[in-house]
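To start, the structure under review is shown below, and the notes come after it.
As the structure lists them, so they are numbered: ligands from 1, and atoms in each ligand from 1. Values below: all heavy atoms of this structure, side chains included; hydrogens, waters and symmetry mates excluded.
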Amino acid sequence: MSQKFYIETWGCQMNDHDGERLAGLLEKQGYEAVGSSAEADLVLLNTCSIREKAVHKVHSELGRLRKEKEQRPLMIGLTGCLAQQEEEALFKRAPQIDFVLGTMALQQLPKVIEEVQAGRKRVIDTGEYPDNHLFPPEVARRRSTAKALVTIIEGCNHACTYCIVPTTRGVERSRPWQDIVAEVKGLVARGYKEVELLGQNVNSFAGGCTFSDLLWRVSEIEGLEWIRFTTSHPMNFTEELARTLVTNPKVAPFLHLPVQSGSNAVLKRMLREYTVEQYLERLGFLGEGRSKLALSTDFIVGFPGETDADFQATMDLLEAVKYDISFSFIYSPRPGTAALRLRDDLPPKVKSERLRILQARQMELTRASNDAFIGRTLQARIESEGPIENGAWLARTADWRNVHIASGPARLLPLGERVSVTITGAGPHQLFGELA
Ligand code: 5AD
Ligand code: SF4
């Protein structure tokens, strides 16, 4: 009987895709995927450490698994950013872990498992394998059939003072553009019509051409309908890329450009490398095209030393740009980061209140942005295999809005297909529509 595995993944799409790569490696070894940890002989916790909350989730899952391991044989492996960050220290805190595998050593998984099976305790590999980003694309076992995740660049060369990512993902390493085009061609041949190009900073892609060139080359692939990408550092967002985003019909009209704060003093302490004025100048590269795409951002509130006036400047920026969507977080101190040296004496209550105010206003802006679609007919791709709440199907528009499509009981909408939808209603989190 074959060994069974279960992978639990937290964090960003890059980590999701690493989970798909690890699943592929295990299947190649003859392991079989199962739907829950209770059925598995091997559980991989593919972790995130971007904020403390993400780390708590991992530790509470580890606690649960420890009890399970007392009842039956179970191999537990830790992968992802927490593995890379804490290394050996994890075994001390959680002795139920059999192995730790870093983010730059994915292909060592079979070897590490073999060592555990041979009776070695506390097996660890958090080495930096220079070919990690050249992971064989055919091995990955992708989960969603609506959209394929494709990593194009790993690591980050920026040094934002709050951020753990440069520690956990290393310096930038780009795949050759030819490999990426070949992988996407293969995906389209297998039926995918949408890809999302991934990197901690896709804009600084350097795999033999610029990121903008890469988008054009990928867009030439026949049968491919939409290309998405995430995520972008404003300082690497060029005029050339802005032009591609607004003129290439296959590049989905959505831009996630994290600003983090609307205060120049805070941006400086974050070492974001831009002022608010420079950020706005870069948004200006989009020109008239700006109105045709959805704009999204990330904010951190309660960064050390953030005054009422700094926070107000963030709110002013939110108002001025009118983001269609934003993601906002309370600053979370991360081990080994430079911001730890800054005095952080803002009461937690003040930080939560700022987050609440920002999110409440964003909700209104998102709602207004969604309302503008009522009565229009647009294209959306089916993202659910069956009906979700209220019998509606879930779909995504090109600019990344959720649409709940009411569908007759006998009508099966195919996952991954693009359909025309007439929008009949809107909420802060989704649009409602009917097949046109
Ligand atoms: N605390 C809070 N938020 C953070 N982010 C990154 N590091 C931290 C941290 N230490 C946020 C940023 C980033 C997003 C992915 O997560 O807004 O853009
Ligand atoms: Fe989390 Fe960042 Fe690592 Fe992604 S790269 S898993 S968001 S810490």
Find all atoms of ligand 1 within a distance of less than 4.0 Å from any non-hydrogen atom belonging to Arg334, and give their numbers and elements. 10 (N)
So which heavy atom in the protein is nearest atom 10 (N) of ligand 1, and how far is it from that ligand atom? Ser332 O, 2.8 Å
Distance-only donor-acceptor check, side chains Glu8 and Ser37, under 3.5 Å: no
Quick one about Ser212 and Arg243 (side-chain donor to acceptor, distance below 3.5 Å, no hydrogens or angles considered), yes or no? no
Decide whether a cation-pi geometry holds between Arg51 and Phe329; the criteria are a distance under 6.0 Å from NZ or CZ to the six-membered ring centre and an angle within 45° of the ring axis. yes
Quick check: does Asp298 get an N/O under 3.5 Å from an N/O on ligand 1? yes
If you count the atoms of ligand 1 from 1 in the order shown, which ones are under 4.0 Å from a heavy atom of Tyr331? 1 (N), 2 (C)
Counting only nitrogen or oxygen atoms and a 3.5 angstrom limit, does Gln260 reach ligand 1? yes
Any Ile330 heavy atom less than 4.0 Å to ligand 1: yes
For residues Asp18 and Asn46, is any side-chain donor paired with an opposing acceptor at under 3.5 Å? no
Under 3.5 Å, which donor-acceptor pairs link side chains of residues 251-265 to any protein atom two or more places apart or in another chain?
| from | atom 1 | to | atom 2 | distance (Å) |
| --- | --- | --- | --- | --- |
| His256 | ND1 | Ser296 | OG | 2.5 |
| His256 | NE2 | Asp298 | OD1 | 3.3 |
| His256 | NE2 | Asp298 | OD2 | 3.3 |
| Gln260 | NE2 | Tyr162 | OH | 3.3 |
| Ser261 | OG | Ser263 | N | 3.0 |
| Ser263 | OG | Ala265 | N | 3.3 |
| Ser263 | OG | Val266 | N | 3.2 |
| Ser263 | OG | Asp310 | OD1 | 2.8 |
| Asn264 | OD1 | Val276 | N | 2.7 |
| Asn264 | ND2 | Glu277 | OE1 | 3.1 |

Do Asp16 and Thr9 pair up side chain to side chain, a donor and an acceptor below 3.5 Å, judged on atom types alone? no
Tell me which protein heavy atom sits closest to atom 3 (N) of ligand 1, plus the residue, atom name and distance to 0.1 Å. Arg51 NH1, 3.3 Å
Would the distance check show the side chain of Arg269 and the main-chain N or O of Gly305 forming a donor-acceptor pair, the cut-off being under 3.5 Å? yes
Say whether Asn236 and Arg282, considering side chains only, have a donor N or O and an acceptor N or O under 3.5 Å apart. no
Fit a plane to each ring of Phe237 and Phe285, take the angle between them on a 0 to 90° scale, and name the class: parallel (under 30°), tilted (30 to 60°) or perpendicular (over 60°). parallel
What protein N/O/S atoms sit under 2.8 Å from atom 4 (Fe) of ligand 2, by chain and number? Cys12 SG
Starting from atom 7 (N) of ligand 1, find the nearest protein heavy-atom neighbour and note its residue, name and distance. Tyr162 CD1, 3.3 Å
Hey, which of Val123, Asp125, Leu78 is the one that makes side-chain contact (heavy atoms from CB on, under 4.5 Å) with Phe99? Val123
